[in-house]
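So you know, we letter chains A, B, ... as the sequences are listed, proteins then strands, and number each from 1. Since we're looking at a predicted model, the values are computed, not measured.
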Amino acid sequence: MHSLYANLLNETEKLWRQRRTKGFLLLALILPVVTVLLSSLLKMRAGMLFGLEGSLPVAMLHLFTFAIIPLYMAATAAHSFSGEVAARTMKLVLLRPVTRARAYASKVIAIAVFAAICLGVLWIASTVSAWAVGGPAGGMPDSLKAYAASFVPMMAIGLVCVFIAQLFSSGTSALMAIVLIYAAAKALPLLLPQWSAWSVFSYTRWDVLWTGSGAPAGTLLNTFLLQLSYIIMAYAAGLMMFARKQL
Amino acid sequence: MRKKWLSAGAVVGLGAVMLFASGYSVMANTSGYEAYKSAFTHTQGADSMASHVVWSLSDNGTKMLSGTADMKVNHVKQAMSMTAAVDDGTRTHTMQTYRQDGKMILKSSDSEVYRVMDQVPQWQHDGKAAQMPQAAEQVIEALMGNIKDLATVETGSDGTKEAELHLSGSQIPAVVNAVGSLIASKAGSADGWSHGAAVQGHLPAGSSDWKVDLPKLTEEIKVEQVDLDAKIGKNDALANQSAEIRVSGKDAAGAAHVLTFQLKADFSGYNATTPDRVDLAGKQTEQVENHGDRKGWKHH
């Protein structure tokens, strides 16, 4: 288990050293503040209202779960797997006293850690900035629940990204493939609405089922199991390919 | 190595089984939304029907404005009749509307004059109420996303169904919140309000003396709750539909307000409704030009 922990530290450090990760976290910190400033400015100047004070944390969450976090995870998965193969640094990982299964696990966990940190930073930044412009604080437990629930669909999408990244041996092509697949999957409900329930990508707003009066327990369980099955399949299939990869 | 393959394959297989089991249940669970959608389509597609609508708008529990509307529509005969009343607490204003023989006839309780419009407004030309285009429906569905999963349906022992969609707090989409806040902030100015009411046909356009003392919300406006409940009859069309929307906010003086809009509509007489007619013989009439009555979709 120590090898997993040690390699997790390595992978987290590697991700943290990348400008992408810092920019991503900075975005989570700045975007809510900028949005609140812009909307207050518009309200003062033009009397326009967006009703954002109360819903800012959740509106931000939906923006991030729709595009920003999946994009970060896609870029990171592409870089951390296919990119490292292309740069021939993957060998350095595998030369350490760590099994391939654990190397894979630590890379996946490192991505999850940054997705979770982003959600945390975003929640704090948006709650504080909504509170600063006089938003009601009553929705705090609700938005906290929404943020916690959002971690599940983000993990499912992240692992699908990791799986797709195994198919490529260049970071750029992996990223392009993931982005194309993601865009196509997001357009699916427009073309085949009845099939969208099957797609893991249509659960980026899963948190709405948890807040407020909430969805019936059966719906919560079923949608959770659906995402869990994607998590299991993508993880196992990705691991299978990673373990057999010729370097 | 072979054993590893087997175990990994087994895990993927297990995931696939789980995916199928849960996916089918999830699909079955969207039935609340689907049931409502099909009932809504049936309601719109009915040849004739009668509806009775009661609505009210209250501020911190005090009724500010309320109204009723009785409407009979027959798409085959291209006829409709409607009696609408609006009550602001001190007086009641009634408005009668008829559509017969290709003419629109309006009469307000303020005068004895029947105003006749030769040209039937654009939105009724095609006989049936404008249907939402398929593409628009799919875009709205896609935007709703997981909110669809919140709709539930319960089938009663008599074959009727109760469908409901209750949204509160952060479940309410940002778009709805923004639009709701905008309406709530504009509703306070009497000008904006009477214009909106005139478009809905409850008030004659240009009745500028009609003022409602709604609070003008300026701060912390938020759509708190949207409750939609519908009863679907055995004929798979809506039997009744109720809606409640709650918006909270503060006015310029800092006083907190909760505006509640309630609407309850009963639908009956499917394919068996004959609209009332008005006999204009011997009555005072006035010909009016129909100008640009083409705002939005008009349902029923």
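Interface remark: A:Ser202 contributes backbone atoms only to the contact with chain B (heavy atom separation under 4.5 Å). For A:Leu188, no part sits under 4.5 Å from any heavy atom of chain B, backbone or side chain.
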| task | Please test A:Thr99 against A:Ser3 for side-chain contact (heavy atoms from CB on, under 4.5 Å), starting from the C-alpha separation and ending with a verdict. | result | CA-CA 8 Å; A:Thr99 61; A:Ser3 61; 5.8 Å; no
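When each of A:Leu228, A:Ile232, A:Leu190 is checked for heavy-atom pairs under 4.5 Å with chain B, A:Leu190 comes out on top. Per-residue counts of heavy-atom pairs under 4.5 Å with chain A were compared for B:Gly9, B:Ser22, B:Ala8, B:Ala16; the largest is that of B:Ser22.
By the side-chain contact (heavy atoms from CB on, under 4.5 Å) test, A:Val128 is found to be paired with A:Ile124, residues two or more places apart in sequence or in another chain being considered. Remark: A:Thr65 pairs with A:Leu61, A:His62, A:Ser150, A:Met154, A:Thr204 by the side-chain contact (heavy atoms from CB on, under 4.5 Å) rule, at least two apart or across chains.
The shortest side-chain heavy-atom distance between B:Ile232 and B:Thr160 does not fall under the 4.5 Å cut-off.
Aromatic ring orientation, A:Tyr104 versus A:Phe81: tilted (interplanar angle from 30° to 60°).
For residues 157-183 of chain B, there are no salt bridge (charged side-chain N to carboxylate O under 4.0 Å, His left out) pairs, not counting sequence neighbours.
Side-chain N/O atoms of B:Asp251 and B:His257 include a donor and acceptor closer than 3.5 Å.
Among the residues in residues 233-240 of chain A, those with a non-hydrogen atom closer than 4.5 angstrom to a non-hydrogen atom of chain B are A:Met233, A:Ala236, A:Ala237, A:Met240.
Using a distance-only test at 3.5 Å, with no hydrogens or angles considered, a donor-acceptor pair links the side chain of B:Thr43 to the main chain of B:Leu238.
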